[in-house]
Amino acid sequence: MAVFAPFGRARPARATLMKATHSMTTTLQSGQSPRISLLGTTALLFEPPGEMDIHTQRRVWWLSRQVETWPCTKEAVPGMSNLMLVFSDPPRNVDAVKADLLAIWNRAEELHFEGRIVELPVIYGGEYGPHIADVIAHTGLTLEEIVKIHTEPLYSVFALGSHPGYCYLGGMDPRIATPRRKVPVRGLPGGAVSIGGAQTGVSASEGPSGWNTIGHTDMVFFDPLRTPPALLAPGDMIRFRAERIIK
Amino acid sequence: MIEILSRTLLSSVQDLGRDGYLRIGVGTSGAMDRVALAAGNILLGNPENSASIEIQMFPFEVRFLEDIAFALTGADAAAELDGKPIPAWWTLQARKGAVLKLNPTKRGARCYLALAGGIDVPVVLGSRSTQFRGSFGGHCGRNLQRGDVLGSIRSGERGEFFDYLPAAGFGVEPPEFALPLGDTEAVAQGTRTFVRVLPAGEYDCYTEAALESFWNKDWMITTQSDRYGYRLEGEALATRQTLEQRSHGIVPGVIQVPPSGQPIIQLRDAQPSGGYPKIGTVVEADIWRLAQAKLCTQLRFVPTTYDEALSALDTVRDYLEKVRRLARLYRLAKR
């Protein structure tokens, strides 16, 4: 099969009157209607207004389900209350795609997944949580309080991204929100449980990160030879369980 | 089969990339210069998406462990087969025991070594490309090392095309000459690379001075640049107000601007999501130009439109069609 997606596009007959009306970016709007912007000829990004909460996210999941069957779609990729549409073939008339997205968003419903609940045993603090002192300093809470607040909620997997198997989670208690680090840490190990701004997450493999590491879990989040390769999917839920707290 | 003789680092097995797994966090990987990878395969009569070796550090040496046809595309690495020079963008047959040496490049940054049949490594999640962050794909999910032995899918039998190849081999005009863009002299000298850019989501948030610098000033490709991204150095780009982005999907070519104001162009090993403001995107049709820009050389961004960017893709496609016709001609001539 001659697969060469970016250059292999069949060339349609050119219309004699080609309209040069593509606005390259949609102007910043006051938060009422969605923003749609191009990522070159490779993809477009759809950013609806509203809070970064589970309700917006469920509508994004719904939109993703609709869009992934469009002929121009190679992949629909949900982000944190937004959606990236990667083109199979860059559409000639990208304005029509934008219009379709806006129209369909207006009737978007909340898609509920029958997600699983996965419990992650975590060792908090000590060598496993090298930045917990920064979280303590920033929040004014004790180690025990931070662990209690972090282990209380049921977190929703909003989307996967960043690196294979990594989950963006919703639902962290804002009391333990801590700004990202000024200098990212290199070579953070897989399984690192961390807080970055108002979000929390667990790295799935070794790599750099600007978040504050507070603990570690042994859970394996990704295996390319497993079906499906990622342990978790959007709609799944995570609960952190304090296996041990090291002072 | 071939054996890697070099101690040099940063060479890996790549094809045109891994599609369809961004939503589980798996970036595309794949050849930095997809045009060179595809052309090398076409010269050999391979499927365009066959895996080849991407070489980023020179000198680089391999020994052929069997008679096999190969092609070299991408950077002009003053290649030698048992000491005899080989032109860039060339295909040739190698005899068992011959040693291929690639020297520091005269022009371009990345060389592609294709074998008749394509490099035989397992397909993982639909691709043979090396996924470095996930440590899978390619050859054992890592860069090649001295002593590694790689086979081709047709290893052990003479590839059909092998017999059609003229003794001296044949080649094609490299795309930097066939598809010129910008100041041709600077491009020929390799001191400056021009790439077309479409404005991205936060383009309108930059100050007029920032946009002026973005389009009209040189951007140096710093030594902190690799397959993940090119970190550029120039006049810092400022936004009119502080921007806060929610994590969202990104693609190779996206130009992010972190708080330092120094842009980073995401490339083939980029993670599939990010949160920094995006000023623009280098269009897919020009990413091969970026892939061949050397460290510490200058980059210029050329404004384009969506329609022009589509035409540029057609132009690349036409170039590859020419390579295909040429390869077909040689195949027919020998019949």
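Only a predicted model underlies this, so the values are computations on that prediction, with no experimental measurement involved. So that the names make sense, note that chain A is the first sequence line, chain B the second, and so on, each numbered from 1. Just the heavy atoms: all of them, side chains too, but no hydrogens, waters or symmetry mates, feed the values below.
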Heavy-atom proximity to chain A below 4.5 Å, by part of [X]:
| X | answer |
| --- | --- |
| B:Ile287 | neither |
| B:Tyr319 | neither |
| B:Val124 | side chain |
| B:Glu321 | neither |
| B:Leu125 | side chain |

Given heavy-atom pairs under 4.5 angstrom as the criterion, report whether the side chain, backbone, both or neither of [X] touches chain B.
| X | value |
| --- | --- |
| A:Ala43 | side chain |
| A:Phe46 | neither |
| A:Glu206 | backbone |
| A:Leu45 | side chain |
| A:Met80 | both |
| A:Thr41 | both |

- Item | Verdict with reasoning, B:Glu48 to B:Arg324, per salt bridge (Lys or Arg N to Asp or Glu O under 4.0 Å) | CA-CA 10 Å; B:Glu48 279 171 45; B:Arg324 212 170 284 126; 2.5 Å; yes

- Message: I'd like to know if B:Arg23 and A:Glu68 make a salt bridge, using a cut-off of under 4.0 Å between side-chain N and carboxylate O.
- Response: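 Counted as a salt bridge, because a side-chain N and a carboxylate O are separated by less than 4.0 Å.
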
- Item | Note: A:Glu110-A:Arg65 ion pair, threshold 4.0 Å (strictly below) |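 No, A:Glu110 and A:Arg65 are not salt-bridged.
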
Nearest 0.5 angstrom please: [X] [atom1] to [Y] [atom2], how far?
| X | Y | atom1 | atom2 | result |
| --- | --- | --- | --- | --- |
| B:Asp33 | B:Glu54 | CG | CD | 8.5 Å |
| A:Leu188 | A:His216 | CG | NE2 | 10.0 Å |
| B:Asp269 | B:Gln131 | CG | CD | 7.0 Å |

So which of [options] has the biggest tally of heavy-atom pairs under 4.5 Å with chain B?
| options | answer |
| --- | --- |
| A:Gly190, A:Gly197, A:Ala76 | A:Ala76 |
| A:Ser162, A:Pro229, A:Ser205, A:Ala233 | A:Ser162 |
| A:Ala230, A:Gly79, A:Pro224 | A:Pro224 |

- Side-chain H-bond candidate by donor/acceptor type, B:Thr315 with B:Asp318, under 3.5 Å: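 Looking only at side-chain atoms, B:Asp318 and B:Thr315 do not form any donor-acceptor pair under 3.5 Å.
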
- Have a look at B:Phe301 and tell me which of B:Trp215, B:Phe194, B:Phe214 forms a ring pair (Phe, Tyr, Trp, His ring centres under 6.0 Å) with it.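 It is B:Phe214, the one option of B:Trp215, B:Phe194, B:Phe214 that forms the ring pair (Phe, Tyr, Trp, His ring centres under 6.0 Å) with B:Phe301.
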
- Message: Check the orientation of A:Tyr168 and A:Tyr166. Use parallel for under 30°, tilted for 30 to 60°, and perpendicular for over 60°.
- Response: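 Correct class here is perpendicular.
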
- Heavy-atom pair of closest approach, residues B:Thr73 and B:Leu37: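 So the two residues come closest at OG1-N, 4.4 Å.
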
- Query: Taking B:Gln271, B:Arg133, B:Arg196 one by one, which has the highest count of heavy-atom pairs under 4.5 Å against chain A?
  - Reply: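 The residue among B:Gln271, B:Arg133, B:Arg196 with the greatest pair count is B:Arg133.
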
